[in-house]
Protein chains: 2
Amino acid sequence: MNNNKNTAELILDTAQGLVQEVGFNGFSYAHIAEKIGIRTASIHYHFPNKEDLAEALIARYNREFVAKIAEIDSETTNNLDKIRRYMMIFSIPVDTYCTCLSVMLSSDLATLTEKVREKLAAFFTANLTWVERVLEQGRSEGHLQFKGTAQAQAHKILTSLQGAQLLARTFRDANRFNMIAEGVISALS
Amino acid sequence: MNNNKNTAELILDTAQGLVQEVGFNGFSYAHIAEKIGIRTASIHYHFPNKEDLAEALIARYNREFVAKIAEIDSETTNNLDKIRRYMMIFSIPVDTYCTCLSVMLSSDLATLTEKVREKLAAFFTANLTWVERVLEQGRSEGHLQFKGTAQAQAHKILTSLQGAQLLARTFRDANRFNMIAEGVISALS
DNA sequence: TGTATTCTACCTTTTAGTAGGTAAAGAGTC
DNA sequence: GACTCTTTACCTACTAAAAGGTAGAATACA
C-alpha cells in the first residue's frame, strides 16, 4: 500500500510525458516499462489495460488543475493577473515543444472510451467556468474589457491557448505561443 | 499511369479521413485496404512506407489550400467576407466531429519525420501570411479593426480555430465552434 | 511485348495482455 | 517470539493478434 503509490505515480508521470510527446497511440507499455526500469506486467498490475491508464491520467490531471486554480484564487485578487497566471500553466509544455495532456487526448479522442471523453469534457468545462467567472468579475469591476459574452470570450481564450501550443510545437518556436498569450492580455486590458 | 492516379487518390482520401478521425498512429495500412477493398501490398506500391503517405497527404493538403484561398480572393474583395469564408474551411470537419489534417498531424508530430514537420510549418505559414494580408488590408481600408499587429492577430485567429475544432469534438457540439467563429468576426467588425 | 498495377504468401517486430510464480510485509494466533 | 496466512507488488514466460513491410507471381493495359 505504501510503495504501491510511488510506482503507480511513477507510471502516471512517465505515461503523461509520453502522451504529451507522442500522443496516446504513439507509445506502448513497453516504452513506459523501459523508462522506469520495470516490466510491462507490473504496469498491468496497476493499470490492467491502457484505457484504465487513460482514465487515471485525466482524473489526476483534473485534480491538479482544480488545485492550481484554487492557488491562483487564493494568491491574487487582480483578475488580469489571474488570467496571466492561468495562461502560464499552458506555457509550461511549450518549452519542451509538447502540448498539454488535454489537447493530446482531444486529438486521440476517437480511439478512447466514452468515459475518457466525458472526463475530458468535464476538464474543459472546469476551465471555461473559471475563466468565465474571472472575466465577468474583471469586467464588472472595470479593469477588464472585451466584446460579447464572457462565455464566448472564455472559449476564445482557451482555444487560442490550445492552438498556440500546437503552433509553437510545429514551428519549434516558443515565441509563437508568447505572441498569442500577450495578444490575449493586451486585448483584455 | 492513368488508373494509378485514381487508386493513389483513393488511398489518400481514405488515409486523410482516418488521420482526421483517429490520428496518424491510430490506423494501419490494413484499415485503408479494407475500406477501399484492396490489399495492403497495393498501398505499399503507391506509398512504400507510412512516412511517404504522410508527406503525400500534407503536400496535397497544401495544394488544395492554396487553391481555396485563390478562389476566395477571386470571388470577393470584402476582407471581412474573406475571413468569414476562410473560417468556413475549418468548420467542415466539425460537422463529423473531426479536426482538420494539420491539427492532427501537429499532435502526432513527434512520431513523424522532419520533412513532414517542415511541410506542416509551411502550411501554417501560408495560412498566417494570407490572413495577415487580409487583416492589414481590411484595417487600412477601414472596415476591419483590431488591436496590435496583424501578425499577432492572424496567429490568434488561426489558433482559436484549431482549438475550436478540438473543443467541438470533445463536447460533440458544433455550436462551440460556431460561438468562437462568431466571436472572431464580431471582434473584427 | 513490355510496363504498370495488383495480388498471394510470406516475414519480423511490436503490442496488449494473461497465467502463474515468488519474495516481502503485516495481521492474527498460540 | 515463532508460526501460519494473506495480501501486495513485482517478476518470468508465454500468447494471439496486428503492424509494417518484402519477394515474387499474376494480371491488365497500351
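Proteins get letters first, then strands, A, B, ... in listed order; numbering begins at 1 in each.
For the pair A:Phe47 CZ and D:dT8 P, the computed distance is 16 Å after rounding to whole Å. Between A:Leu18 atom CG and C:dT15 atom P there is a gap of 11 Å when expressed in whole angstrom units. Atom CD1 in A:Ile32 sits roughly 17 Å away from atom P in C:dT14 (whole-Å rounding). Atom P of nucleotide C:dT5 and atom CG of B:Leu10 are separated by 15 Å, given to the nearest angstrom. To the nearest angstrom, P of C:dT8 lies 4 Å from CZ of B:Arg39. Between the CG atom of B:Leu53 and the P atom of D:dG20 there is a distance of 11 Å, given to the nearest Å.
With B:Phe171 as the aromatic partner, B:Arg176 meets the cation-pi criteria of under 6.0 angstrom to the ring centre and within 45 degrees of the ring axis. Annotation: cation-pi geometry satisfied between B:Lys50 and B:Phe27 (NZ/CZ under 6.0 angstrom from ring centroid, within 45° of ring axis).
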Reading 5' to 3' through nucleotides 16-21 of chain C, protein heavy-atom contacts under 4.0 Å coded B for base, S for sugar-phosphate only, - for none: SBB---

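Evaluation of the salt bridge (Lys or Arg N to Asp or Glu O under 4.0 Å) rule for B:Arg133 yields B:Asp73 as partners, not counting sequence neighbours.
Using a cutoff of 4.0 Å between basic side-chain nitrogens and carboxylate oxygens, B:Glu71 and B:Arg85 are scored as salt-bridged.
No hydrogens or angles considered: nothing links the side chains of B:Thr159 and A:Ser160 as a donor-acceptor pair under 3.5 Å. Side chain to side chain, A:Asn127 and A:Tyr86 meet the donor-acceptor criterion of an N or O pair below 3.5 Å.
Phosphate proximity of D:dC11 to A:Ser42: present, with a side-chain N or O under 4.0 Å from OP1 or OP2. At the phosphate of C:dT5, OP1 or OP2 sits under 4.0 Å from a side-chain N or O atom of B:Tyr45.
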